[in-house]
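Reviewing the structure listed below.
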2 protein chains.
Amino acid sequence: MDSGSFVRVTIDDVARAAGVSRQTVSRAMNGKGDISAATRRKVLATIEELDYRPSAFARGMRTQRAGTLALVLPDIANPFFPAVARGVFDAAAARGLAVVVHNTDADAAAEAEATRAIVDAGAAGAIGFFEALDDASLSALGRRVPLVVADRPSPDDQVASVRSDFPAGTRAAVEHLFAAGHARLGMLDGAVQNKPERRRTFLEVLTEHGHPDPAGHVVTAPPTVAGGTAGVRDLRARHPEITGVFAFNDLLAIGALRAGEGVAVVGYDDIMMAALLDPPLTTVHTDKYELGRTLVEVLGRRLDGHPPEHRVLAPRLTVR
Amino acid sequence: MDSGSFVRVTIDDVARAAGVSRQTVSRAMNGKGDISAATRRKVLATIEELDYRPSAFARGMRTQRAGTLALVLPDIANPFFPAVARGVFDAAAARGLAVVVHNTDADAAAEAEATRAIVDAGAAGAIGFFEALDDASLSALGRRVPLVVADRPSPDDQVASVRSDFPAGTRAAVEHLFAAGHARLGMLDGAVQNKPERRRTFLEVLTEHGHPDPAGHVVTAPPTVAGGTAGVRDLRARHPEITGVFAFNDLLAIGALRAGEGVAVVGYDDIMMAALLDPPLTTVHTDKYELGRTLVEVLGRRLDGHPPEHRVLAPRLTVR
DNA sequence: ATGAAAGCGCTAACAG
DNA sequence: CTGTTAGCGCTTTCAT
């Protein structure tokens with residue numbers, strides 16, 4: 001068996017073998033329309049027997065929709081995203097959806113190209129970490145495909161969203177530094193687009209504590225280890241009195257720690273590495289797997305005909 | 001523009017607008033068959049003008065092949081794979097292929113299901129880190145879809161392969177430990193299938209050095225940080241004289257380091273974390289991005305009609 | 001060099 | 001409850 005060239009088993013073969021029309025076969029396998037239980041059983045048995053697999057192309061041609069979910073993200077090699085992706089994969093598999101990944105480097109042109117590819121492929125739905133694309137384009141995508149945006153406001157009332165509560169996470173981190181006795185703080189902000197919440201909340205909390213010149217205590221750097229090292233030195237050069245630093249993400253935090261400035265650092269994300277460093281990193285934990293899982297859940301409910309939802313996941317400070 | 005419900009631009013619309021038949025449009029956009037340069041130019045201009053995008057479904061229905069590449073891997077959250085995946089994504093995008101990721105947890109049933117999904121989807125090609133699937137099934141997949149296996153021997157003369165030279169990497173690591181004065185070594189082997197080379201080479205090198213009871217100095221543990229901690233304690237309980245440990249991968253190595261046994265440890269893979277630990281981890285570096293890129297390159301040559309190739313990438317010991 | 005005809009495998013709409 | 005009819009949009013013959 002399974003030798004030589006392959007001949008496809010079609011819905012007509014099943015219909016013939018089961019002694020019914022192909023429409024009945026279609027109904028039996030898709031569970032649509034009314035069929036007698038006996039007929040359905042017989043058809044399903046025949047499908048099994050012939051090892052029939054419906055053609056995704058033919059089906060897509062009729063329905064204009066593939067059994068595919070698109071996942072748009074900036075960089076799978078950035079330690080934040082693999083955990084999210086895992087949650088997406090697991091939840092998608094549970095719904096029988098395959099996942100097409102589009103890596104964009106947070107580049108506007110790449111994100112736009114991804115939206116084009118998603119529409120062309122007739123994806124059943126899309127989940128996206130869009131960092132550079134404008135709301136209008138996102139909205140346009142949402143009109144063509146059920147869409148859930150991650151960690152970004154929905155561009156209109158048709159697009160669902162799931163986000164982590166950055167203000168809450170940031171507030172917990174900064175208050176923790178104050179509570180630990182650090183009276184003068186700095187922040188390493190990530191040089192990324194569309195992520196203003198952490199910086200904004202940092203400034204707010206500093207103002208509440210009567211900290212002098214909050215805005216002057218923020219430096220922006222690429223969200224990498226090297227960026228963190230350079231950034232913290234810059235910060236301390238300008239404000240030697242700083243003893244506590246809040247970083248936009250863990251990579252920046254790790255870089256800051258490695259700079260040898262002796263300051264206390266709190267990171268954001270809780271990537272795997274954070275717990276394994278010596279000393280380990282205190283950071284704001286976001287449940288990345290849960291984020292991925294929730295994104296698919298929200299998309300799934302949309303596919304099932306429910307209106308767009310907007311979920312907010314609560315981060316939690318992990319003191320190490 | 002772009003408001004209201006969407007009407008698809010078809011090949012017939014282009015044909016009509018350009019004043020040619022639809023075959024001519026097909027020929028112009030696919031570069032197949034003979035067309036006068038003037039006609040082609042005109043058709044291409046019309047395509048541009050109408051923003052025509054061929055239907056992937058209709059095309060797939062005729063050709064039984066999608067513009068999609070399947071990537072099968074055990075766990076995207078395992079730090080080894082995101083870097084490989086990035087290489088795959090970049091190289092695939094350069095060839096205009098979308099990537100569908102199948103996460104298997106190295107489970108035989110999941111790997112088999114992935115092969116089914118790949119065939120059903122009519123993927124243009126497949127790249128796989130198959131850990132549990134038998135050669136016969138792999139061979140069957142290779143008969144249906146151009147296939148490249150990663151870090152595993154090709155099951156037959158139709159399946160291409162790309163692998164890292166594990167024996168060379170292992171030898172470098174173990175010789176390094178001996179050269180550093182460690183006369184008694186242990187190994188933390190990963191409890192995974194189909195990856196015997198590292199253990200085998202470890203045993204070989206110990207034998208060459210006249211080390212007593214090589215096989216007795218290997219313990220097997222889950223390839224995780226926790227596995228490494230437990231494994232190294234087990235190793236030292238049985239052989240307190242061990243001062244150097246070779247680990248199947250970096251996660252095991254990190255776990256071994258954290259056990260506080262004070263032994264020298266060499267890891268394998270050089271995941272991002274390895275360089276950031278304090279002290280940093282000496283490990284066998286494999287270029288994961290390059291592996292991903294090469295997998296696509298080898299697949300691409302296969303798609304272009306070349307015979308299956310077998311590439312071996314050289315790892316290199318990174319002393320830290 | 002171009003066009004006409006045929007059909008890939010499926011499901012929505014309509015009969016019965 | 002089940003069958004018939006009619007395409008979805010494209011590429012592959014085969015003519016011309």
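All chains are named by letter (A, B, ...) in the order of the sequence lines, taking the proteins before the strands, and each is independently numbered beginning at 1. What you are looking at is a predicted structure, and each value in this text was computed from that prediction instead of being measured.
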request  = Under 4.0 Å from any heavy atom of chain A: name the first and the last nucleotide of DNA chain D that qualifies, 5' to 3'.
outcome  =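 Here the contact window of chain A covers D:dC1 to D:dG9.
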All side chain to side chain donor-acceptor pair (under 3.5 Å) counterparts of A:E290, not counting sequence neighbours =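 Per chain and number, A:E290 pairs via side chain to side chain donor-acceptor pair (under 3.5 Å) with A:R293, A:T294.
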task = Kindly write out the residues that satisfy side chain to side chain donor-acceptor pair (under 3.5 Å) with B:S139, not counting sequence neighbours, or none if the list is empty.
result =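 Residues passing side chain to side chain donor-acceptor pair (under 3.5 Å) with B:S139: B:D156.
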task = For A:D34, enumerate each residue passing the salt bridge (charged side-chain N to carboxylate O under 4.0 Å, His left out) test, keeping only those at least two apart in sequence or located in another chain.
result = none
ask   = What pairs with A:R116 under salt bridge (charged side-chain N to carboxylate O under 4.0 Å, His left out), at least two apart in sequence or on another chain?
value = A:E113
Please tabulate, for the side chains in residues 79-90 of chain A, all donor-acceptor contacts under 3.5 angstrom to protein atoms that are two or more places apart in sequence or on a different chain.
residue	atom	partner	partner atom	Å
A:R86	NE	B:D75	OD1	2.8
A:R86	NH1	A:D90	OD1	2.6
A:R86	NH1	A:D90	OD2	2.8
A:R86	NH2	B:D105	OD1	2.3
A:R86	NH2	B:D105	OD2	3.0
A:D90	OD2	A:Y289	OH	2.6

query = According to a strict under-4.0 Å criterion, is B:T39 in side-chain N/O contact with OP1 or OP2 of C:dA1?
reply = no
ask   = Can you name the side-chain contact (heavy atoms from CB on, under 4.5 Å) partners of A:S55, sequence neighbours left out?
value =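 Expected list: A:R8, A:F57, A:A58.
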key: Counterpart residues, side-chain contact (heavy atoms from CB on, under 4.5 Å), relative to A:A37 (two or more places apart)   =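 Listed in chain order: A:R41.
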inquiry  = Tell me the bend of the helix from C:dA1-D:dT16 to C:dG16-D:dC1 as the angle between end helix axes, each from five pairs, rounded to the nearest 10 degrees.
reply    = 30°
Which atom pairs, one a donor and one an acceptor, fall under 3.5 Å between side chains of residues 125-132 of chain A and the rest of the protein, sequence neighbours left out?
none

ask   = What string of B, S and - do you get for nucleotides 8-13 of chain C, 5' to 3', when a contact is any protein heavy atom under 4.0 Å?
value = BBBBBB
ask   = Tell me the salt bridge (Lys or Arg N to Asp or Glu O under 4.0 Å) pairs involving residues 46-67 of chain A, sequence neighbours left out?
value = A:R53-B:D120
task = For A:L50 and A:V9, work out which heavy atoms get closest and say how close.
result =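 Minimum heavy-atom separation between A:L50 and A:V9: O-CG2, 3.7 Å.
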